[in-house]
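What you see is a predicted model; the values in this text were computed from it and never measured. FYI, side chains are in, hydrogens and waters are out, and symmetry mates aren't considered; it's all heavy atoms of this structure.
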Amino acid sequence: MTCSLGDIAEHIGAELHGDNDCLIRNISTLEDADSDSISFLSNHRYIKQLRSTRASAVILAKEHLDDCPSYALVTDNPYLGYALAARMLYPQTRTDGGIHPAANVHESASVDTSAYICPNAVIEQGVVVDANAYIGPSVIIGRDSVVGKDTRILANTVICNSVIIGSSVLIHPGVVIGADGFGFAEKPDGGWIKIPQIGSVLIRDDVEIGSNTTIDRGALGNTVIERGVKIDNQVQIGHNVYIGEYTAIAGCTGIAGSATIGKRCRIGGACGISGHLEIADDVILTAMSAVNNSILKSGVYSSPLSITDNRTWRRNVARFHRLDESFRKIREEIRQIKKN
């Protein structure tokens, strides 16, 4: 869309320093912007790019106004302002309701007339698809599942039986929701007996799930993803996990079964969270953290070592393997000193 700066400023709640009628056609980085663009500054490390930008306008904080060579939209939260402006300039396209002739919809399914079912989608027995939902190409919705209004499920996603998905959920391509959890009982001979996974998955409103993420169904009871949770690509969520409201989980994280994660947590990429533990509200885990015990107090937690040069790393690893021996020697020396 093409929007005036005045309209954008009003939409994002910013103070405009410039021409209300200046037209904006796209949003770009400070470095790539041109005279048709609006950009933003949310990190002071990009001050140099701000000073040389060719953007018609920049969304920024008041403290950076003097460094801006163009029109400015001043706001306390420039990154939020950028997000709102981007949604205004690039609105989500709507598709007229209907079922494509190449879709396979069971006669017992209930599909709202305003929902759209794409080619090769499969809607099984007893499924409910609510108003304005979008079911992408080759999506499979298993029997007795529910898809809420305004929810978008993109191509090649598999929703297994009896999964409940709320309203305004966005599910990216290749997601699998409701497959069996990893539940087995060991036999005396070392083999395994599969445990039936008879629970389901409950996804509340306004959740977003990244591509190729998997969310397993509960063994007993449900796996629950609460309102406003944001999940990145290639995340594994085990059976009976509970994730509290507005938590955000970055890519390649693995969460083992029956873990409970609180509200507003921020989980960095490639974290590993063991099963049957609890993480409190407002916890931040930095990237690649390994969580093997419950975290009962909000705060920032880290477990991996920072990167270093290979020579130092190899030396430190060698020392680590001698740590127990060194500790025993020191303890014995302390014992002898006390004895004497």
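Heavy-atom minimum distance, N132 versus S114: N-OG, 2.9 Å. R25 approaches Y90 most closely through the heavy-atom pair O-OH, 4.3 Å. Heavy-atom minimum distance, V163 versus G178: CG2-CA, 4.0 Å. Considering every non-hydrogen atom in both L41 and V58, the closest pair reads N-CG1, 4.0 Å. Contact record, A290 with S303: N-OG, 2.6 Å, taken as the closest heavy-atom pair. Shortest non-hydrogen contact noted between T213 and Q234 is OG1-N, 3.2 Å.
Taking 4.5 Å as the limit, every side-chain heavy atom of I99 sits out of range of all side-chain heavy atoms of I123. Counting only heavy atoms from C-beta outward, the side chains of I231 and I225 approach each other to under 4.5 Å. With a 4.5 Å cut-off on side-chain heavy atoms, L89 and C3 count as touching. D130 has its side chain out of reach of V147: every pair of non-hydrogen atoms, C-beta onward, lies at least 4.5 Å apart. Within the 4.5 Å cutoff, side-chain heavy atoms of L50 are placed close to those of C68. Counting heavy atoms from C-beta on, the side chains of S56 and S35 come closer than 4.5 Å. Side chains of S274 and N292 form a contact here, defined as non-hydrogen atoms less than 4.5 Å apart. Using a 4.5 Å heavy-atom cutoff, the side chains of E226 and V224 are in contact.
Counted within 6.0 Å of CG on D189, heavy atoms from surrounding residues, nucleotides or ligands total more than 12; the atom is thus considered enclosed. Other residues, nucleotides and ligands place no more than 12 heavy atoms under 6.0 Å from the NZ atom of K338. Shown here is M88, whose CE atom has more than 12 heavy atoms of other residues, nucleotides or ligands within 6.0 Å. Crowding of D309 atom CG: a count of heavy atoms from other residues, nucleotides or ligands under 6.0 Å exceeding 12. Dense packing is recorded around CG of N310, with more than 12 heavy atoms of other residues, nucleotides or ligands lying under 6.0 Å away. Atom NZ of K149 has 12 or fewer neighbouring heavy atoms from other residues, nucleotides or ligands inside a 6.0 Å radius. Annotation for R315: atom CZ counts as buried by contact number, over 12 foreign heavy atoms lying within 6.0 Å. Within 6.0 Å of CZ in R54 there are 12 or fewer heavy atoms belonging to other residues, nucleotides or ligands.
For the pair R227 and D205, the salt-bridge criterion is met [side-chain N within less than 4.0 Å of a carboxylate O]. Look at K329 and E325 and you find a salt bridge, because one of the NZ, NE, NH1 or NH2 atoms lies within 4.0 Å of a carboxylate O, short of that distance. D67 has a carboxylate O that lies under 4.0 Å from a charged side-chain N of R51, or vice versa, which qualifies the two as a salt bridge.
Judged by distance alone, the side chain of S302 and the main-chain N or O of S289 form no donor-acceptor pair under 3.5 Å. Side chain of N43 to main chain of Y46: no donor-acceptor pair is present (N/O by atom type, distance under 3.5 Å, no hydrogens or angles). T75 places no side-chain N or O within 3.5 Å of a backbone atom of A14 that could act as its donor or acceptor partner. With hydrogens and angles ignored, the 3.5 Å screen pairs a side-chain donor or acceptor of S200 with a backbone N or O of S162. The backbone N or O of C160 lies less than 3.5 Å from a partner atom in the side chain of S145, making a donor-acceptor pair. Side-chain N or O atoms of E124 include one that pairs as donor or acceptor with a backbone N or O of R143 at under 3.5 Å. In terms of modelled atom types and a separation under 3.5 Å, the side chain of T53 and the main chain of L30 share a donor-acceptor contact. A donor-acceptor pair under 3.5 Å is formed between the side chain of R266 and the backbone N or O of R264. T151 places a side-chain N or O within donor-acceptor distance of the main-chain N or O of V169, the cut-off being under 3.5 Å.
One hydrophobic cluster, built from ILVMFWY side chains closer than 4.5 Å, cannot hold both Y116 and V111; they sit in different ones. Side-chain heavy atoms closer than 4.5 Å link hydrophobic residues (I, L, V, M, F, W, Y) into clusters, and following such links, possibly through other members, connects I59 to L16. In the hydrophobic cluster analysis, where Ile, Leu, Val, Met, Phe, Trp and Tyr join through side-chain heavy atoms closer than 4.5 angstrom, I249 is grouped together with V291. Neither L60 nor I8 shares a network with the other; the hydrophobic side chains, linked directly or stepwise wherever heavy atoms of I, L, V, M, F, W or Y lie under 4.5 Å apart, form separate groups for each. A single hydrophobic cluster is seen to contain both L277 and I237, as judged by linkage of ILVMFWY side chains at heavy-atom distances under 4.5 Å, directly or through other members.
Neither side chain, N240 nor S258, offers a donor N or O lying under 3.5 Å from an acceptor on the other. There is a side-chain donor-acceptor pair under 3.5 Å between N26 and S37.
Considering I284, V283, T286, I279 in turn, V283 is the only one that fulfils the side chain to side chain contact (heavy atoms under 4.5 Å, CB included) rule with Y301. Each of T214, L154, V175 was evaluated against I209; a single residue qualifies, V175, per the side chain to side chain contact (heavy atoms under 4.5 Å, CB included) test. Residue I12 forms a side chain to side chain contact (heavy atoms under 4.5 Å, CB included) with just one option from L73, L80, D7, and that option is L73.
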What do the steps show when you test D206 against R204 for side-chain contact (heavy atoms from CB on, under 4.5 Å), and what is the final call? CA-CA 7 Å; D206 195 34; R204 307 288 191 186; over 6 Å; no
Let's go through S167 and D150 carefully: what are the C-alpha distance in whole Å and the side-chain angles of both, what is the deciding distance for side-chain contact (heavy atoms from CB on, under 4.5 Å) to 0.1 Å, and is it a yes or a no? CA-CA 6 Å; S167 300; D150 298 313; 5.7 Å; no
Determine, stepwise, if the pair D281 / K263 fulfils salt bridge (Lys or Arg N to Asp or Glu O under 4.0 Å). CA-CA 5 Å; D281 297 343; K263 301 176 183 178; 5.5 Å; no
Evaluate the criterion side-chain contact (heavy atoms from CB on, under 4.5 Å) for residue pair L65 and H17; output intermediate values, then yes/no. CA-CA 9 Å; L65 184 58; H17 294 250; 3.6 Å; yes
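A cation-pi geometry, defined here as NZ or CZ lying under 6.0 Å from the six-membered ring centre and within 45° of its normal, holds between R152 and Y134.
Ring pair Y79/Y82 is tilted by interplanar angle, where 30° to 60° counts as tilted.
Among residues two or more places apart in sequence or in another chain, the side-chain hydrogen bond (donor to acceptor under 3.5 Å, both in side chains) test is passed with R87 by none.
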